[in-house]
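Below: the structure, in structure tokens.
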Amino acid sequence: MSGAPLCSLIIPVYRNEASLPELMAACRELAKSMTQPLEVVCVIDGSPDSSAAWLREHLPEQPFASQLCEHSRNFGSFAAIRTGLGAARGDCFAVMAADLQEPISLAKAFFERLSANLADVTIGVREGRNDPLTSSLGSKVFWWLYRRLVLPELPPGGVDMFGCTREVRDMLLTLHERNSSLVGQLFWVGFRRAEVGYLRQPRKHGESAWTFSRKLRYLLDSVYSFSDLPISLLKWLGAGALLTATLSGLVILTARLAGLIEVPGYTATILAVMFFGGLNALGLGVIGEYVWRTYENTKGRPLAITARHQTFDTKVSE
């Protein structure tokens with residue numbers, strides 16, 4: 001395997017202490033089944049449990065090369081993935097969650113396609129999911145909205161796991177946008193994409209940190225970063241308000257000429273204040289959102305801070 005390309009598996013870790021033994025066992029099976037050497041890069045994203053301590057103790061014992069990156073605080077899963085991609089030394093890369101809801105065999109399928117130059121980006125596409133009805137329904141609604149408002153080419157079940165070549169990885173790392181979407185950036189850069197189907201597994205340990213508020217924030221970040229929908233919506237609302245005000249003005253003028261309005265100017269003033277006051281408030285909110293995002297990007301702060309970085313190569317030769 002000395003001449004084979006190195007494959008790097010990036011795993012963000014947050015509140016996953018209970019699933020780590022099973023995760024490492026799955027990684028060992030993956031390394032054993034591959035014809036290429038495997039590197040596992042775990043990124044602790046400010047996890048409050050003992051995930052970091054457990055990995056510090058057990059990663060050096062694994063029969064594959066590994067790295068452990070620890071963020072100074074919780075920066076979010078996308079920041080953790082970017083840290084892992086930046087630290088990884090492979091020629092092709094795969095990203096998966098530590099909860100094992102996506103089968104690790106999917107990473108092997110990614111590596112095989114990427115190493116064979118069949119694609120530059122590989123996407124895991126859900127063909128089904130063993131989740132509770134409420135969770136499944138909420139996910140379907142969320143990704144339906146995401147496809148309608150942001151990325152129509154996104155798979156119906158969304159993207160939780162992907163892989164890419166070194167060229168795509170390098171391009172992604174040049175995009176330093178804040179409050180953005182890594183998935184959106186992955187589709188924005190283009191390249192050849194291949195889809196790999198899988199069945200999403202039920203969560204065995206802990207609870208998902210992917211709450212409704214985080215989903216909503218993620219959706220808004222994606223809309224503002226990859227869509228002109230807010231500006232288009234403002235434009236059409238403005239056109240509708242102008243048309244409504246014009247028609248209302250004609251009705252008021254007719255009523256005034258017919259002597260049906262006793263207080264001169266009252267109705268017209270109220271209508272104007274209502275329509276254009278609301279329109280101005282909406283417009284200022286949208287513009288303020290864009291101004292805030294522009295300001296955030298001009299600060300030049302790093303997207304994440306790695307407090308500790310360790311590399312374990314003691315088992316590479318095996």
Side-chain angles (χ1 to χ4, degrees), residues 5-14 38-45 67 69 71 74-98 102 106-107 109-125 143 146-147 150-155 158-196 210 214 217-219 221-227 293-294 296-306 309:
L6 177 65
C7 297
S8 295
L9 178 62
I10 292 91
I11 307 176
V13 179
Y14 183 77
L38 175 68
E39 174 191 50
V40 175
V41 182
C42 295
V43 182
I44 306 295
D45 188 33
Q67 298 186 57
C69 303
H71 282 174
N74 179 249
F75 288 94
S77 60
F78 287 156
I81 292 171
R82 289 178 64 92
T83 295
L85 287 172
R89 300 166 293 178
D91 301 288
C92 52
F93 310 85
V95 175
M96 68 172 291
E102 288 75 37
L106 196 57
F110 287 175
F111 290 140
E112 289 175 347
R113 285 163 174 76
L114 296 170
S115 300
N117 196 29
L118 298 177
D120 301 305
V121 176
T122 50
I123 302 294
V125 178
W143 289 115
Y146 198 96
R147 295 180 71 218
V150 185
L151 289 173
E153 64 269 34
L154 196 75
V159 174
D160 290 319
M161 187 170 177
F162 70 89
C164 64
T165 61
R166 177 177 286 273
E167 291 76 17
V168 177
R169 187 281 304 263
D170 293 344
M171 182 58 64
L172 286 174
L173 293 180
T174 64
L175 306 177
H176 297 287
E177 302 171 9
R178 291 183 170 276
N179 305 294
S180 186
S181 164
L182 183 60
V183 172
Q185 292 174 350
L186 187 67
F187 277 77
W188 181 85
V189 298
F191 293 94
R192 298 173 300 161
R193 286 196 296 269
E195 297 183 352
V196 182
W210 189 233
R214 292 196 175 192
R217 186 64 200 178
Y218 173 52
L219 180 62
D221 285 341
S222 300
V223 167
Y224 280 105
S225 297
F226 297 98
S227 171
R293 291 168 187 274
T294 302
E296 284 291 304
N297 284 320
T298 61
K299 290 179 179 179
R301 296 174 181 170
L303 297 180
I305 299 173
T306 300
H309 183 185

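Note that the structure is predicted; figures quoted are calculated from it, not measured.
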If you measure from [atom1] on [X] to [atom2] on [Y], what distance do you get to the nearest 0.5 Å?
X	Y	atom1	atom2	value
Phe75	Tyr14	CZ	OH	12.5 Å
Ile123	Cys164	CD1	SG	9.0 Å
Phe78	Gln185	CZ	CD	9.0 Å
Arg166	Leu6	CZ	CG	8.5 Å

Is any side-chain heavy atom of [Y] closer than 4.5 Å to one of [X]?
X	Y	value
Ile81	Pro12	yes
Arg113	Val196	yes
Leu9	Met96	yes
Leu186	Val168	yes
Cys7	Ser115	yes
Leu114	Thr122	yes
Leu175	Leu182	no

- Heavy-atom pair of closest approach, residues Thr165 and Ala119: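 Residues Thr165 and Ala119, closest heavy atoms: CG2-O, 3.8 Å.
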- Given the rule in the side-chain contact (heavy atoms from CB on, under 4.5 Å) test, do Met171 and Asp120 qualify, once you have shown the distances and angles that lead to the verdict? CA-CA 12 Å; Met171 182 58 64; Asp120 301 305; over 6 Å; no
- Quick one: do His71 and Ile44 satisfy side-chain contact (heavy atoms from CB on, under 4.5 Å)? Show the steps, please. CA-CA 6 Å; His71 282 174; Ile44 306 295; over 6 Å; no
- Donor-acceptor contact below 3.5 Å, side chain Glu39 vs main chain Arg89: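 Yes, Glu39 side chain to Arg89 backbone: donor-acceptor pair under 3.5 Å.
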- Task: Going by the side-chain contact (heavy atoms from CB on, under 4.5 Å) test, name the single residue among Val13, Asn74, Thr83 that passes it with Asp45.
- Result: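 Going through the options one by one, the only one that passes is Asn74.
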- Kindly write out the residues that satisfy salt bridge (charged side-chain N to carboxylate O under 4.0 Å, His left out) with Arg193, not counting sequence neighbours, or none if the list is empty.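 Result, salt bridge (charged side-chain N to carboxylate O under 4.0 Å, His left out) vs Arg193: none returned.
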- Go through the structure and list residues passing side chain to side chain contact (heavy atoms under 4.5 Å, CB included) with Ile10, not counting sequence neighbours.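 Side chain to side chain contact (heavy atoms under 4.5 Å, CB included) list for Ile10, sorted by chain: Ser8, Val41, Leu85, Ala88, Phe93, Val95.
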